[in-house]
Structure formats: structure tokens, C-alpha cells
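What you see is a predicted model; the values in this text were computed from it and never measured.
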Amino acid sequence: MGEKIGWFGEKASFFFSALFSLMVVVQAGITVCRGGVYALASLAGLLGAAALVWLGLCFLKPSRGFPVVLFALRFALALCVILVFGAVPVQDFQTMYDAACQMAQGSREYLQNDYFYNWAYQTGFVAYEALVVKVFGPGLLPLQLLNALWMAGTGCLVYAIARRFLSEPAAMTASLLYALYPAPYFLAAVLTNQHIAAFFYYLGIWLLVWQKKLARRWAALAGLCLAVGNLMRPLGAVVIVALLCWTLVRMLRWKGKGLLWVGAPLLAAGVAYFAATELFGWVVQATGMNPEGLTNNLPLWKFVLGLNLDSSGAWNQADYNAYYLLPRDQAPAAMEQVVGERLSSLGLGGLLELFWKKSQAMWGSLEYLYWGFGHLNGEAPVLGSVTLAQCLNALNYLDRGIFLLAFLLAGGASALWLWKGAGEGARLPVMLCFLLCGYYGAHLFIEVQPRYRYFLMPVVFLLAGVGAQALWGWWKARGKPGKVPGKIREESENPS
């Protein structure tokens, strides 16, 4: 019975991963088709990325120096964006940077701002910025250079995770494709918590998978890294639920001796995560950085926005004025009421319409360039009569082409596994599919923004690497009986 439930869990992860990927491809494709002449840039991006995949699988060979090259490439690209374009903090980013400067000077003036009562969990990232300001002095550049380092580190982690279950050429190709994916660089100079959070989340995931026989000490360290990621940006609930689903599937489908060998290390990771999270909250309170600790005092606000059909689940001024600006003692009850009203009034048809519109806003739309480039004069000429805004729009559509190929390959891999199975080595890809489904599914109910897809894109490119490897295997095995593309082994030929 347990084996059947585990099998069903795997199949469910493959099914929804394929379904969600297909929806993203359709919606991103609609956006591209509406781009007029800019659609040519998307076509160029898609064909260029496909050519890179083919060349990588054909010609890339194992090399000890590849991680260094990958790190240098991603750091150099981020650094170029930072030095050439810069960025000016706006909205939440300005609020947190100002608070960090005050914290670095020993002031607690920022606590007078309701922002740090409502969103006390942002104090962790503010403390990180304050430490940088304390060491290097006020200024954006040190924080932006650290952004580039976190981005480069995440790129290397994509390669390190990929080589755990892909061939070396496929792992190198997937990580190189991610390194050339433009969207993260649009935020390189922005003082967002996404860069450092993504690094620690994927460091935690890598620590969970880098050895076949996971030791409890490494699992505990992984839990600590996930907790640091959550301290910087609170996505830990989605990650932990995905890992829990993965663990249950592994345990249910485990055929060897010693079932506790599978569950104990991941239990250690969970204990370390929750213990560290509680410790971080206590430190924030005990040091006076925020009397509220790391709590979220308006947990329904994201749902108020996310369930607004008229705004496609995005931030809107009407909800802000009607609910966010209410007094502290009135806002939670008012938000609870409106969330209930919106859920009951939508019905099944309205809910499906909302999901489609939110998916389009979150995944199908272009990147929002305001955060990184809004301070620039878009009408400034760059190449003759071609303006900066036109160049950035072309780059944005080029990004859509690479994005489309990544989701095509990721969805193709999931669909192939759903159809033919993925073999006994599918445990790690199952985890990635659970992450994709969990993150996509959560944003069907909460607020959406294009930049929120930042966290999930390494997962998409890892799954795209599997799709590329399966497609390449099919091409090489065509006409040869007994070859099943898409099957992978957990015992990778790469050294752990």
C-alpha cells in the first residue's frame, strides 16, 4: 500500500509539473506573439538557447576549472549591469536601506514606521544590510557587489546540484544556460533580498543531495542554511513542505533495509531549520532590533491581494487604501472578512479565471524593468536613433525566448517521466518537481509579481537540463531498441 501511495506521489509531482509548465509556455508564448517586431528577439533567444544546448551536449567535456569559469562569468555579467546602469532604491527597498543605515548607527528610529510592525520578518535582511553598512560605510556599491557574489554563487550551486543526477555535459549545459538567462541581471543592482536568499536556499538543497548517503551533520547544516535563507526572505514554508513531500515519497518507495536511514537525516534538517528560525527570532527581539521578532503581523494581506480578480492578484491601490492603511487593531479582522468574501463569491469558474489571470501575471508576462532601470532616461539614444528603452525591451523579449525553452524542456521531462517513468534515480528530480508545484501553487492564492519567479528559475533550469539530456539521448538512441530516454540513475557518474 505504501509503495502505491509513494508511486502516486511521484506521478502527481510529474503531472502537475508538466501541467504548470505547459500553462507557462502557452501564456509566455501569448505575450511574445503580442510583441510585434520584438517577437523576433524572443525567437532569437529561443534559437540561440537551443543552439547552446546542442553545442554544450556535443562538445562540453568534464573540467575541474568549469565552476571557476561559471562563477567568473556570472559575477562579471552582474558587475557590468551594476557599474553601467546602477540602481536607485525605491519603495520597500528604500525603506529597508534607510532602516539599515539607522540600525548601523545604533538608532531604532525605523521602528516608528508601521512597515516594521506589519512585516517584522524583514528585520533579518535589514540586519544583513546594516552589517554591510557598518563595515563598509553608507553607499549602495558594497551591497550591490555582494549581490553579484551571491548571484555567482547560486550559479555554481545550480551546476553542483545538476551534476548529482545529470551527466557532466548536461549539468554544464544547464548551468551555463542559467548563467546566460538575462532576468536575474535585471535585479543585479537592486537592493532586494532575493539574491542572498536564493543562495542560501540552494546551498541548503545542495547539502541535502551532494552525497548519496546523507549524514545527519550535513543534513543539520542544510537545515541551518535553509533557515538563513528564510531569515533573508521568508519562503521557507514552501521549501520545507516540498522537502517533506519528497521525504515521504522516498520513505514510501524505499526498498532497501533501514527505513530510518532515509528519514533520520531529513528529520535532522527539519529540527535544525525550526530551531535556527526560533533562535533568529529570539535574537532579533533580545537585541532590540525589533520587539516583534520576525513575525508577520498581517499574514492575510498577501491573500487580500492574491484573491483580487480585478487586479489579477497583483498589488493595487484600492486594496492598499481600503485595508492596509487601517489601524492595527482593525486591519486583521477586515482582511479576514474580505478574504472570506472573495473566496465565497468567486465560485469554481471565478477561481479558475483568477488562477489563469494570476499565472499570466506571474509567469507569462515580461520582466518588470522599473526596479533596476526606472531611474534612467529611456529616451536617451544608444545606437543612433535607437533608444535605451527600445534596447531594454528587446533584451526583455530575448529573455522570454530563453525562458520559453527552459520551461519547454522542463515540462517535456516531467511529461516523459509521467508517461514512462524515470527509473530508480528519480528521487532528486521528484524533489525539484515538488518545489516547482509548491511554488507555482502557492502563488495561485497569494500576491504575484514577475520578480517573484526569481527563486524558482534555478529549479526550472535544472529540470530543463534533464529534458535536454533526455532529448539528446533519444536523438542518439533513435532506431536502437531498448533505449528509454529520460531514465536517470541516482548513482551519477560524477564524483560526489
Novice: Would you say that Trp363 contacts Met23 through its side chain, given a criterion of any heavy-atom pair below 4.5 Å between the two side chains?
Specialist: no
Novice: With a cut-off of under 6.0 Å to the ring centre and 45° to the axis, is Arg453 in cation-pi contact with Tyr440?
Specialist: no
Novice: Are Thr95 and Phe116 packed together at the side-chain level, in the sense that at least one heavy-atom pair is separated by less than 4.5 angstrom?
Specialist: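 Yes; the side chains approach each other to less than 4.5 Å.
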Novice: Ignoring hydrogens and angles, tell me if any N or O in the side chain of Tyr128 forms a donor-acceptor pair with the backbone of Ile196 under 3.5 Å.
Specialist: no
Novice: Just by distance, no angles: are the side chains of Gln360 and Thr31 close enough, under 3.5 Å, to form a donor-acceptor pair?
Specialist: yes
Novice: Looking just at side-chain N and O atoms, do Gln105 and Ser107 make a donor-acceptor pair shorter than 3.5 Å?
Specialist: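 Note: Gln105 and Ser107 side chains miss the donor-acceptor criterion.
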Novice: Phe125 ring centre to Arg233 NZ or CZ under 6.0 Å, with the angle to the axis within 45°?
Specialist: no
Novice: Can you tell whether the side chains of Lys61 and Glu168 come within less than 4.0 Å, N to carboxylate O?
Specialist: no
Novice: Passes ring pair (Phe, Tyr, Trp, His ring centres under 6.0 Å), Trp371 versus Tyr368? Steps please.
Specialist: CA-CA 7 Å; Trp371 305 117; Tyr368 188 44; 5.8 Å; yes
Novice: Check for a donor-acceptor pair, side chain of Arg74 on one end and backbone N or O of Met151 on the other, with a separation under 3.5 Å.
Specialist: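 Yes; at least one donor-acceptor contact below 3.5 Å.
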Novice: Of all heavy-atom pairs between Lys358 and Ser312, which one has the smallest distance, and what is that distance?
Specialist: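 Scanning both residues completely, I find the closest heavy atoms to be CG-O, 3.4 Å.
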Novice: Find out whether Pro381 and Thr387 are in side-chain contact, i.e. whether some heavy atom of one side chain is under 4.5 Å from a heavy atom of the other.
Specialist: no
Novice: Is there a side-chain hydrogen bond (donor to acceptor under 3.5 Å, both in side chains) between Tyr320 and Gln317 once you walk through the steps?
Specialist: CA-CA 5 Å; Tyr320 181 82; Gln317 191 68 48; over 6 Å; no
Novice: Run the ring-centre check on His443 versus Tyr439 and record whether the distance is less than 6.0 Å.
Specialist: yes
Novice: Does the side chain of Val460 come within less than 4.5 Å of Phe403's, by heavy atoms?
Specialist: no
Novice: Passes ring pair (Phe, Tyr, Trp, His ring centres under 6.0 Å), Phe71 versus Tyr159? Steps please.
Specialist: CA-CA 10 Å; Phe71 183 94; Tyr159 168 65; over 10 Å; no
Novice: We want to know whether Glu129 and Tyr97 form a side-chain donor-acceptor pair, criterion being a heavy-atom distance below 3.5 angstrom.
Specialist: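 Their side chains do not contain a donor-acceptor pair, so the 3.5 Å distance test is not met.
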Novice: Under a 4.5 Å cut-off applied to non-hydrogen side-chain atoms, are Tyr202 and Ile161 in contact?
Specialist: yes
Novice: Could you report the tightest heavy-atom contact between Leu57 and Ala170, atom names first, then the distance?
Specialist: CD2-CA, 3.7 Å
Novice: With a 4.5 Å cut-off on side-chain heavy atoms, are Val53 and Leu405 touching?
Specialist: yes
Novice: Would you say CH2 of Trp315 has more than 12 non-hydrogen atoms from neighbouring residues, nucleotides or ligands within 6.0 angstrom?
Specialist: yes
Novice: Is it the case that Ser359 and Gln27 place a side-chain donor and acceptor less than 3.5 Å from each other?
Specialist: yes
Novice: Of all heavy-atom pairs between Met103 and Met289, which one has the smallest distance, and what is that distance?
Specialist: SD-SD, 3.8 Å
Novice: For the rings on Phe303 and Phe445, is their centre-to-centre separation under 6.0 Å?
Specialist: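 Between Phe445 and Phe303, which both carry aromatic rings, the centre distance is not below 6.0 Å.
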Novice: When you measure from the centre of the six-membered ring of Phe66, is the NZ or CZ of Arg163 closer than 6.0 Å and no more than 45° off the axis?
Specialist: no
Novice: Does the cation-pi check pass for Arg451 over Tyr454, that is, NZ or CZ under 6.0 Å from the six-membered ring centre and within 45° of its axis?
Specialist: no
Novice: Passes side-chain hydrogen bond (donor to acceptor under 3.5 Å, both in side chains), Asn396 versus Asp399? Steps please.
Specialist: CA-CA 5 Å; Asn396 211 352; Asp399 169 87; over 6 Å; no
Novice: For the residue pair Trp301 and Tyr324, is the inter-centroid distance of their aromatic rings smaller than 6.0 Å?
Specialist: yes
Novice: Could you go step by step and tell me if Tyr110 and Asp98 meet the side-chain contact (heavy atoms from CB on, under 4.5 Å) rule?
Specialist: CA-CA 8 Å; Tyr110 61 88; Asp98 290 342; over 6 Å; no
Novice: If we check side chain to side chain contact (heavy atoms under 4.5 Å, CB included) with Phe200, which of these qualifies: Val228, Leu231, Ile205, Asn230?
Specialist: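 Considering Val228, Leu231, Ile205, Asn230, a side chain to side chain contact (heavy atoms under 4.5 Å, CB included) with Phe200 is found only for Val228.
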Novice: Test Phe20 against Leu436 for side-chain contact (heavy atoms from CB on, under 4.5 Å), laying out the working first.
Specialist: CA-CA 8 Å; Phe20 294 155; Leu436 190 155; 4.1 Å; yes
Novice: Please test Gln94 against Leu191 for side-chain contact (heavy atoms from CB on, under 4.5 Å), starting from the C-alpha separation and ending with a verdict.
Specialist: CA-CA 8 Å; Gln94 182 67 59; Leu191 301 187; over 6 Å; no
Novice: Taking side chain as C-beta onward, heavy atoms only, is Val466 less than 4.5 Å from Phe165?
Specialist: yes
Novice: Under the 3.5 angstrom rule, does the side chain of Asn147 hit a backbone N or O of Ala188 as a donor-acceptor pair?
Specialist: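 Judged by distance alone, yes, a pair lies under 3.5 Å.
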